[in-house]
Amino acid sequence: VTAQEPGSDRAFEALFAEHYVPLARTLRRLLGDAAQAEEVAADAFSRLYCKSPTLTAIENPRAWVYRTGTNLAFDTLRANARRERREGAAELDLRPDDATGDALNAVLVDERRRRVRAILATLKPVHARALLLASDGLSCREVAVMLAVKPDSIYTLIARAKVQFERAYVTAYGRAPL
Amino acid sequence: MTCLRDGELQEYLSEPAASGARARVETHLASCMTCRSAFDRLAATNAYVDGLLSTLVAVDWSANTDRALAGVRRRVEESSRRLVALRWWTASATVSVLLVVLFGLWQVMRSDRDREPAAIATTVALAPSRDLQAQTAPSQAPNRSPSPRQVLKNPVILRATEPEYTADALRAHVEGDVQLEAVVLRDGTVGYVRVTKSLDKTRGLDDEAIRCARRWTFQPARDAQDRAMAMPVSLVVQFRVNEQTAAPPGPRPFEDAFAQGAYGPDVTGIVLPQLLTQRAARYTSDALRSRIQGDVVVEAVVLPDGTVGNVRVVETLDPVEGLDDEAVAAVKQWTYLPATLNGRPVSVLVTLTVPFRLH
């Protein structure tokens, strides 16, 4: 039984086994926090189960759970931003690679991550989702499948998403050198 | 030659090797400066955005899928429990609200049914007011040309709601008239109202008169062309206490001809009258000769002013020789400190014994 054979409870389990980790990893990139990413991914799958335990009521469960998961992650991102504004400085989101540079570079990289997340949160959800998945190493056609978008349209969607992202980023922070 | 679309340029940028129309794109870009410029711009955007997004690098991280699945199942169970609880709570709240609303409606209907006016308050006069026309505030006055229009028909009251006595005014037994000046608007409603002769400023009767007048509706005044027009009028609202129904709640007084309006001595809260002056009953000569002795028991109505009203014999001693009549005549001359109920003097029916003794 696999995720492509809906109609039983095991279809859900198969879908979960196949997509929980990739989804949580994508959300981890977006949120910068492993615990929050797991929480949000689990929330997305629990909503999917509540909506249709046997996955028969949803046309494309995989796209549904990715869409719901990224929407929840963007909500969490906005809530995090509000909390950080309220409580002051947030913890640095440092990666193992960052430790190789000096401390100033680590802070700058962390700041850039925050800006990228903030701009993603302001985009149209479908644009933000497409950019996130495309930057995750998936091909455009794979992104189209994940987002349930027509293959012919995915390139146009990604091109527009990138233009929107660049425009929003430059407007908010200026064109900083990479 | 058709120019390239953004999607085609992006496809060529993202996956040039897989691009189905690679040759066509390259040929076109070589010959079309517009598309070449767009391609360069898009390529720069791709490089910039990809560079920024690359900061969100993936980390080497994995999760325990079984533990996560168990967590999801736990979430689903909790969600189901919450949903059931929410449905029960919603149903309970709905039923409770419904019951409260029904109870409230029942109370309102019952109070309306049992309610009797405690006062008579009516409008008795309706006349055009010249003063108000000049004194009405500009914001309240109808906005029209300054030339006065000839009034053909005065306003006529269509519906006048009865004002109600305030508790304080009823307790103080305030009676009288409140004179008002009001503007009857073209739609028949009352606009501006003010008191021109006050009855009671402290116990709320003036305010009650204004409040009621604002809810009245009129057939508006009409000019010579039969057009509705706003018009100031004078109104008088009368407040009269209705003695029958303004009485304090509790047992009702007697309604028979003998003791009409009087309370029984056993009414809760009543303070019985106290005898102030008493005239002794006299023997008649016939009764004295017959040596009649005993008691005449009578019922008497002690009025709110302390005098005795109707008297009747309930246990006779001598209907022939005149002792019963003598007892009644004597009792009618007695005076009392009147009975009170809730602080107000009231009539009360008392039973008295008039003794006749030979010494």
Side-chain angles (χ1 to χ4, degrees), chain A residues 12-13 16-17 20-21 24-26 28-30 32 34 37-39 41-50 53 95-97 109-110 112-113 115-117 119-120 131-132 134-137 139-141 152-167 169-170 175-176 178, chain B residues 4-22 25 35 38-84 86-87:
Chain A
F12 176 81
E13 292 178 9
F16 187 88
Y20 172 73
V21 171
R25 189 176 290 134
T26 302
R28 161 76 175 88
R29 291 178 58 225
L30 182 61
E38 284 191 58
E39 185 83 4
D43 195 7
F45 275 99
S46 66
R47 289 183 187 212
L48 175 67
Y49 190 87
C50 289
R95 310 288 168 82
D97 299 344
V109 170
D110 176 73
R112 183 169 292 169
R113 281 189 193 119
R115 289 177 173 183
V116 169
R117 287 173 184 141
I119 296 300
L120 282 174
L131 288 179
L132 194 63
S135 67
D136 212 8
S139 70
C140 289
R141 294 194 179 277
D152 296 343
S153 306
I154 190 65
Y155 296 106
T156 306
L157 178 69
I158 289 176
R160 288 179 183 167
K162 286 186 173 178
V163 169
Q164 291 295 328
F165 182 93
E166 183 188 30
R167 189 176 297 159
Y169 192 92
V170 171
R175 184 174 287 279
L178 295 174
Chain B
L4 299 171
R5 290 176 285 111
D6 287 346
E8 290 175 290
L9 294 175
Q10 182 65 45
E11 183 180 3
Y12 183 73
L13 276 169
S14 301
E15 294 155 357
S19 177
R22 179 181 175 182
V25 171
C35 289
F39 176 79
D40 291 343
R41 275 201 310 275
L42 190 59
T45 298
N46 267 259
Y48 190 69
V49 172
D50 289 345
L52 288 172
L53 291 172
S54 68
T55 58
L56 304 180
V57 288
V59 290
D60 187 15
W61 171 77
S62 62
N64 185 332
T65 311
D66 293 338
R67 193 165 55 97
L69 184 59
V72 167
R73 293 205 182 283
R74 199 167 51 248
R75 277 167 181 270
V76 170
E77 286 172 12
E78 286 172 5
S79 175
S80 302
R81 273 200 300 273
R82 275 201 302 271
L83 192 63
V84 170
L86 182 67
R87 281 179 182 163

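Fair warning: this is a prediction, and the values are worked out from it, not measured in the lab. Protein chains get the first letters and strands the later ones, always in sequence-line order, with residue 1 at the start of each. Atom set for the values below is all heavy atoms of this structure, side chains included, hydrogens, waters and symmetry mates excluded.
With sequence neighbours excluded, the residues satisfying ring-ring contact (aromatic ring centres under 6.0 Å, His included) with Phe16(A) are Tyr20(A), Phe45(A).
For chain B, the option among Leu30(A), Thr156(A), Ile154(A), Ile119(A) with the highest count of heavy-atom pairs below 4.5 Å is Thr156(A). Taking chain B as the reference chain and counting heavy-atom pairs below 4.5 Å, the highest number among Ala41(A), Ala17(A), Ala42(A) is found for Ala42(A).
Interface residue Leu131(A): backbone and side-chain heavy atoms are both found under 4.5 Å from chain B. For Leu69(B), the parts sitting under 4.5 Å from any heavy atom of chain A are the backbone and the side chain alike. Only the side chain of Val116(A) comes within less than 4.5 Å of a heavy atom in chain B; its backbone stays farther off. Using a 4.5 Å cut-off between heavy atoms, Arg167(A) does not touch chain B at all. In this structure, chain B has no heavy atom under 4.5 Å from any part of Asp152(A). With a 4.5 angstrom heavy-atom cutoff, Gln164(A) does not touch chain B via any of its atoms. Residue contact with chain A, scored on non-hydrogen atoms closer than 4.5 Å, involves the side chain of Arg73(B) exclusively. The parts of Ser139(A) that come within reach of chain B are both its backbone and its side chain, each placing non-hydrogen atoms under 4.5 angstrom from that chain. With a 4.5 angstrom heavy-atom cutoff, Ser14(B) touches chain A only via side-chain atoms.
The two atoms that bring Leu56(B) and Arg29(A) nearest to each other are O-NE, 2.5 Å, heavy atoms only.
Put simply, the side chain of Arg113(A) gets close to the backbone of Thr55(B): a donor and an acceptor are under 3.5 Å apart. Remark: side-chain polar atoms of Asp136(A) are not paired, donor with acceptor, to backbone N or O of Leu132(A) under 3.5 angstrom.
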Intermediate values then yes/no, side-chain contact (heavy atoms from CB on, under 4.5 Å), Leu157(A) and Gln10(B) = CA-CA 9 Å; Leu157(A) 178 69; Gln10(B) 182 65 45; over 6 Å; no

Please report the C-alpha distance between Leu120(A) and Leu53(B) in whole Å, then the side-chain angles of each, then the deciding distance to 0.1 Å, and finally whether the side-chain contact (heavy atoms from CB on, under 4.5 Å) criterion is met.
-> CA-CA 10 Å; Leu120(A) 282 174; Leu53(B) 291 172; 4.2 Å; yes

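By the 4.0 Å N-to-carboxylate-O rule, Glu11(B) lies too far from Arg5(B) to be salt-bridged with it.
Residue Arg160(A) places its CZ atom among 12 or fewer non-hydrogen atoms of other residues, nucleotides or ligands, all under 6.0 Å distant.
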